[in-house]
Protein chains: 2
Amino acid sequence: MTKPAAITLLAWDRLLGAGARALRAARAELKRAGLPPLEWYDILVALERRGAMRPRDLQGVLGIEQYNLSRLLSRMERAGLVTVAPCPGDARGQIVTLTPAGAQRRAAMWPAYAAAIHGSIEARLEPDERIQLAGMLERVA
Amino acid sequence: MTKPAAITLLAWDRLLGAGARALRAARAELKRAGLPPLEWYDILVALERRGAMRPRDLQGVLGIEQYNLSRLLSRMERAGLVTVAPCPGDARGQIVTLTPAGAQRRAAMWPAYAAAIHGSIEARLEPDERIQLAGMLERVA
DNA sequence: TCTGATTTGATGCGGCGGCATCGATCGGCA
DNA sequence: TGCCGATCGATGCCGCCGCATCAAATCAGA
């Protein structure tokens, strides 16, 4: 391990800094509007776009920890945004389904979320810069 | 609020994704080596580079919440990495000082941290790309 | 100088995350 | 068929975070 170059350290700091600020902005926007936490959004969107699925599959799609997803789904079920039903053909598993209230909630979250995205990215970078940024971040990912 | 462009959403997802993965990598590397949590590193570095300072100032430098810093410092003091002394001239305040053990611990964390930085950034982007990335992320920040 | 507003840091409480582990079920293989 | 390892999801425990609030000290203005 040789010491990373100065420009590497700068990019690292900026990556963590920008990521943290983006997250803070989105969470603040959602909270201000009395909406569910940011984590719920991705789950709701995944269910909306890909249809009902098993927790295990959601886990793969979202890159989230198993125990974390389990509790997240409990809370969302309690809030009436999803239903969790036994999975036919595999008595271990479950099927998570988006409820109408869940879809509605997802839609309600979007404007606040979009505002944060706009404020963090769109208002600060030109379109061609956003393309470059996305390309480089894909490689970092 | 108009709907953000598709490229904006892509950049947003990649920013959060890359940031999360970078954090995970760094935390994993530190944990694997039995070292303190990532958050401590920034505090130790700040004290090392800028000298003893008051919690309030650390807060400004690090962009961390007051209550969070307060408890972070308690743990670090308990671990012997810093000392917290009453502040002469302002009986409300304190002076946080890096101990030799703290400096040593900071040094011990560096290789693990550097490895994560190298793996996430340096090994994946060419030098000129890192410059571009840093530049764009600064504007996002 | 006295008083009220501000700054500094700590903390009780509830919620969430990480870790380890558990119970139940499934699937493969002899 | 019977058994064993693998998979799926839940949960107890503990630690950290976010929020609200508090007490002490300081500062500013009449």
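Quick note: numbers below take in every heavy atom, side chains included, and nothing from hydrogens, waters or symmetry partners. Within every chain, numbering begins at 1; the chains are lettered A, B, ... in the order of the sequence lines, protein sequences first and strands thereafter.
- Between A:Arg54 and A:Asp90, at least one side-chain nitrogen of the basic residue sits less than 4.0 Å from a carboxylate oxygen of the acidic one, meeting the salt-bridge criterion.
- Between the axis at the start and the axis at the end of the helix from C:dT1-D:dA30 to C:dA30-D:dT1 there is an angle of 10°, using five pairs per end and rounding to 10 degrees.
- Between A:Ser70 and D:dA10 there is a side-chain polar atom (N or O) within less than 4.0 angstrom of OP1 or OP2.
- Side-chain contact between B:Leu69 and B:Arg56: absent, with no pair of heavy atoms (C-beta onward) separated by less than 4.5 Å.
- With hydrogens and angles left out, the side chain of B:Arg78 and the base of D:dG15 share no donor-acceptor pair within 3.5 Å.
- Distance, B:Leu72 CG to D:dG18 P: 11 Å, rounded to whole Å.
- Remark: C1' of D:dC8 and CD of A:Glu65 are 15 Å apart, rounded to the nearest angstrom.
- Side-chain N/O atoms of B:Arg71 and base N/O atoms of D:dG18 include a donor-acceptor pair closer than 3.5 Å.
- Of the residues near DNA chain C, A:Glu39 and A:Gly89, the one whose nearest nucleotide (by heavy atom distance) lies more toward the 5' end is A:Glu39.
- Rounded to a whole Å, the CH2 atom of A:Trp40 is 12 Å from the P atom of C:dG15.
- Computed from coordinates, the A:Ile64 CD1 to C:dC19 C1' distance equals 16 Å when rounded to whole Å.
- In terms of position along DNA chain D, the nucleotide closest to A:Leu69 lies nearer the 5' end than the nucleotide closest to the other residue of the pair A:Leu69 and A:Lys31.
- Backbone-only contact: A:Arg54 has heavy atoms under 4.0 Å from sugar-phosphate atoms and none from a base.
- Checking side-chain atoms of A:Arg14 against main-chain N and O of B:Ala134 turns up a donor-acceptor pair under 3.5 Å.
- Residue-level contact check: B:Arg75 touches the backbone only, with heavy atoms under 4.0 Å from sugar-phosphate atoms and none from bases.
- For B:Arg130 and B:Glu122, the salt-bridge test passes: some basic side-chain N is under 4.0 Å from an acidic carboxylate O.
- A:Pro4 places none of its side-chain heavy atoms less than 4.5 Å from the side chain of B:Ile121.
- Rounded to whole Å, atom C1' of C:dG18 lies 13 Å from atom CZ of B:Arg24.
- Side-chain atoms of A:Ser120 do not come within 3.5 Å of backbone N or O of A:Ala22 as any donor-acceptor pair.
- Judged by distance alone, with hydrogens and angles left aside, the side-chain atoms of A:Arg106 form no donor-acceptor pair with the main-chain N or O of A:Val45 at under 3.5 Å.
- What separates CE of A:Met76 from P of D:dA10 is a distance of 14 Å, to the nearest Å.
- Residue B:Gln59 contributes atom CD, which lies 11 Å from atom P of C:dA10 at whole-angstrom precision.
- With distances taken from any side-chain atom of A:Asn68 to the nucleotides C:dG9, D:dG9, C:dG17, the minimum falls on C:dG17.
- Atom pair A:Arg56:CZ and C:dA24:P shows a separation of 21 Å (rounding to whole Å applied).
- Side chain B:Arg92 to base D:dT26: no donor-acceptor pair is found below 3.5 Å.
- Distances shorter than 4.0 Å separate none of the side-chain N or O atoms of A:Tyr67 from OP1 or OP2 on D:dA10.
- Between A:Tyr41 and A:Tyr113, the angle of the ring planes goes over 60°, which puts this pair in the perpendicular group of the 30/60° scheme.
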